[in-house]
Amino acid sequence: MRTGEPLPAVGQVLAALATGLWHWDTATKLVSVDGEAARLLGLPEEPTTLTEAQARSRLHPVDWNEIVSVVGLATAEGTLAEVRVRIMDERGHVVRTVRSRSKPSFDAERRAYVMIGTLQEVTEPSPGTPAGRNAVTGDWRRSREAFLLDAGRALAEARSTAEVLRVAAGLSMPGFSPDGLAVFGVEGDRLTIIGHHGQRPGDEGPFTHMALDTDYPAAEVVRTGRAVYLSSPEQYKSRYPLTWPLAQQFDRRSWAFLPLTVAGRTMGAWMAAFTYPVRFTPDERSVLTTVARMLAQALSRAGTAESERELTDGLQRSMLPTLGPEIPGMNVAARYVPTGGGLQVGGDWYDMIPLPSGRFALVIGDVQGHDVRAAGLMGQLRIALRAYASEGHRPDAVLSRASRFLHGMCSAADDPGDLRFATCLYVEVDPLSGVLDIARAGHPDPAIRMADGTVLTRPTAGGLPLGIDPDADYPTTRLALEPGETMLICTDGLIETGGHDLESGWKRVRAILEQHDGDLEALADSLVQAVHGPSSHHTTGPLADRREDDIAVLLLCRKGPGCGCGSADGNGAATARPPVRRTMLTVAQAEPERIAVARQHLRELLHDWASDDQVDSAVLLLSEMLTNVLVHTDTDALLVAEVTGAGDGRRMRVEVTDVSDDLPHKRRPGELASSGRGLMLIELLAHEWGVDPRGEGKSIWFEIYESAESDESEEDAEVAEDAEAEVA
């Protein structure tokens, strides 16, 4: 080429150097070659595109496995992938040896390798010469490193014995790959077959439960802890004549039996069998020994994990109760989902307890922690609660005794600094009347889904978590579950999982309760799936490993229209009664802040009321009535609010009861008066109102009709606004 002439194309330069160019994309499984590369592969000398299978058919099968291993190592190290490849003809004869050099890259989006490389024919160095020894040693060492890197990673990621065996069956060793594998274990004084590959199902029969003193290679390996290498059938037959007929039927030519050793103890043996002769050089023995060690570690980890899972699954099944027999007029559903801390049972629990009175109790709780100690305390506390309840104690007494019991157990523990507490909610249910007596120890309040889908939390009086104060009191709150209503009680794992706090998590749970119209079991599944995806009644395995906190859920439905669990009369027909939406709340003298809770409850009860002005009026009147009780008496106030009717004919009734005998009087306050407008506001804003004396105390009530037109004048509205500002 003379100076000044244009440079030839890259392909022309490579062709002049007898070097071919190729491109391989594992996503498309296509290999493109230029003319020179095609010639080196034994194809017509012209550019062409081959499938992976077509390209693989031109290469020695052992060399193909080396290419895969070397490419993975080069990608991990960011270096060139270089390997010698033997080219085969259609009859399986080696026609030439080429050197492949490539720069692989990994496409993370497609999860595929992309390689551009060269092929160049090389002359094999004569065996025994320095060049020959260097070439063989260099290629072998690099292939071995790549193989061991991949094998170690794959075995480390295997989670079960079955996965370990699948990984072992897929190992392609550099330069020699077995086509038959078997993993032997030990039970007492006999061999067992843990798994095998390359044989037909049932072929393992003669080798199962073989005595360790049998004249068989695997038995000898387990007895002595030393590997056995058999390079030929003749060597096998002469060394183990008694068991040779068992091995002869598989038509193998070489065998390697290696001990599976963990912490100095031989736990089994690994067999690698070959259909071609293998000399088992020191390098080959080194690879086999390393694989056996990694395989033993992987099997040991998998076996330990499986034993732990079996143990904890059994512990979970024994500690979590099954729901009792069907309750007349009511349905119950429950779910328990453990956290992902390795132990598949934690500190959360639920229980349903038949009581001597014919009633039954629902209990749900959460012991602090997710470790073995939390699980143990949970089991003991659950048994104690069941015992106290079965003795016939009321809810407050059951929790008081349970708190004293837990405090005593923690105080007497080996580690006095490891004090634990537990939250708990105890509900005594009368299935005939639907009355619920609730005692709460630091646990989230229950929620009620009404027949029309309205969902309210039910604030209940409570005390400290169990175990903190042995003398703590736990007041009881009485509620009524109407036909068609469903009560939800749960641990905080259902609410706070997924980065939620109590407020945002409750909104998520509430939306599920409002939208669900199916049966109780479907509702329980929906609540759990919204947090973690599909699950069964008690979930374990990979799904459980992703849990942030234990989840326990109990649902109680009183049969009736709207609950999706059948009618109350048991004959499949809906009970004929007008729909009622009701909430109850106690405001104690020492808890004036609960007036705000009462206002919020009333707004939630009237969430679909047609007139916002009427809702505001009802909230204002409620504030005035509750405030009057707290200011002018020394008693507590009981709020009962309900919505009855359907369509445009609904009616709200709000009633506040106290035990004071002093009846309210309507007054005419002056302009600057700070009080005295209560009854005047009720008269202006309500359609009906009244004061009813009781045997002990009185009840003041008002009613507002949704269909009626409000006749409030502008002056009345201004008075209402001024009074609401005063209350606020």
Side-chain angles (χ1 to χ4, degrees), residues 26 61-62 64-77 106 111 113 140-186 191-199 204 218 221-222 225-229 255-274 278 280 283-310 340 342 541-542 545:
T26 60
V62 173
W64 175 268
N65 293 332
E66 289 188 23
I67 290 175
V68 174
S69 298
V70 170
V71 164
L73 180 62
T75 303
E77 295 179 346
F106 183 74
R111 301 189 63 80
Y113 290 98
W140 166 264
R141 182 178 295 112
R142 189 168 182 82
S143 298
R144 181 182 63 186
E145 291 173 355
F147 164 73
L148 294 178
L149 177 67
D150 290 341
R153 182 186 303 114
L155 288 172
E157 293 174 353
R159 297 170 56 90
S160 66
T161 300
E163 290 183 19
V164 172
L165 296 175
R166 283 197 295 270
V167 171
L171 295 178
S172 298
M173 301 181 191
F176 67 113
S177 291
D179 74 317
L181 300 172
V183 177
F184 298 87
V186 179
L191 285 179
T192 62
I193 299 290
I194 298 176
H196 63 91
H197 173 73
Q199 292 78 225
E204 73 278 7
V221 167
V222 173
R226 294 190 297 270
V228 172
Y229 299 98
W255 299 260
F257 292 84
L258 297 105
L260 299 175
T261 304
V262 178
R265 182 180 65 87
T266 301
M267 56 177 287
W270 174 49
M271 181 200 76
F274 304 82
V278 178
F280 297 114
D283 283 333
E284 292 169 341
R285 294 189 182 196
S286 174
V287 170
L288 289 169
T289 301
T290 304
V291 171
R293 290 172 181 168
M294 293 190 297
L295 183 59
Q297 294 288 340
L299 287 171
S300 177
R301 286 194 303 269
T304 300
E306 289 171 346
S307 297
E308 289 179 352
R309 283 196 292 270
E310 183 177 353
D545 289 344

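We number each residue from 1, following the sequence as shown.
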- Message: What verdict does the side chain to side chain contact (heavy atoms under 4.5 Å, CB included) test give for Val278 and Tyr229, after you've listed the backbone C-alpha separation in whole Å, the side-chain angles of each residue and the deciding distance to 0.1 Å?
- Response: CA-CA 10 Å; Val278 178; Tyr229 299 98; over 6 Å; no
- Which atoms form the tightest heavy-atom contact between Ala292 and Pro259, and what is the distance? CB-O, 3.9 Å
- side-chain contact (heavy atoms from CB on, under 4.5 Å) partners for Ala298, two or more places apart: Leu155, Val164, Arg301
- Task: Apply side chain to side chain donor-acceptor pair (under 3.5 Å) to Thr161 and list each qualifying residue two or more places apart in sequence or on a separate chain.
- Result: Glu306
- Task: Without swapping roles, check the side chain of Thr304 against the backbone of Ser300 for a donor-acceptor pair under 3.5 Å.
- Result: yes
- Closest non-hydrogen atoms of Phe280 and Arg285, given as atom of the first, atom of the second and distance, are O-NE, 3.0 Å
- Task: Using modelled atom types only, decide if a donor and an acceptor are shared between the side chain of Thr26 and the backbone of Tyr113 within a distance under 3.5 Å.
- Result: yes
- Residue that, paired with Phe184, satisfies side chain to side chain contact (heavy atoms under 4.5 Å, CB included) out of Val222, Val221, Ile193, Ile194: Ile193
- Message: Restricting to side-chain contact (heavy atoms from CB on, under 4.5 Å), what partner residues turn up for Arg166, sequence neighbours left out?
- Response: Ala162, Glu163
- Start with the C-alpha gap between Thr261 and Arg293, add the side-chain angles, then the distance that decides, and say whether side chain to side chain contact (heavy atoms under 4.5 Å, CB included) holds. CA-CA 7 Å; Thr261 304; Arg293 290 172 181 168; over 6 Å; no
- Message: Can you tell me how far apart CG (Leu181) and CG (Leu165) are? Round to the nearest 0.5 Å.
- Response: 9.5 Å
- Using the side chain to side chain contact (heavy atoms under 4.5 Å, CB included) rule, pick out the option among Val186, Val183, Thr266 that qualifies with Leu260. Val183
- Note on the structure: Closest heavy-atom pair, Pro178 versus Phe274, reported as atoms and distance to 0.1 Å, is N-CE2, 3.4 Å
- Working to the nearest 0.5 Å, report the span between CG of Leu288 and CG of Leu295. 11.5 Å
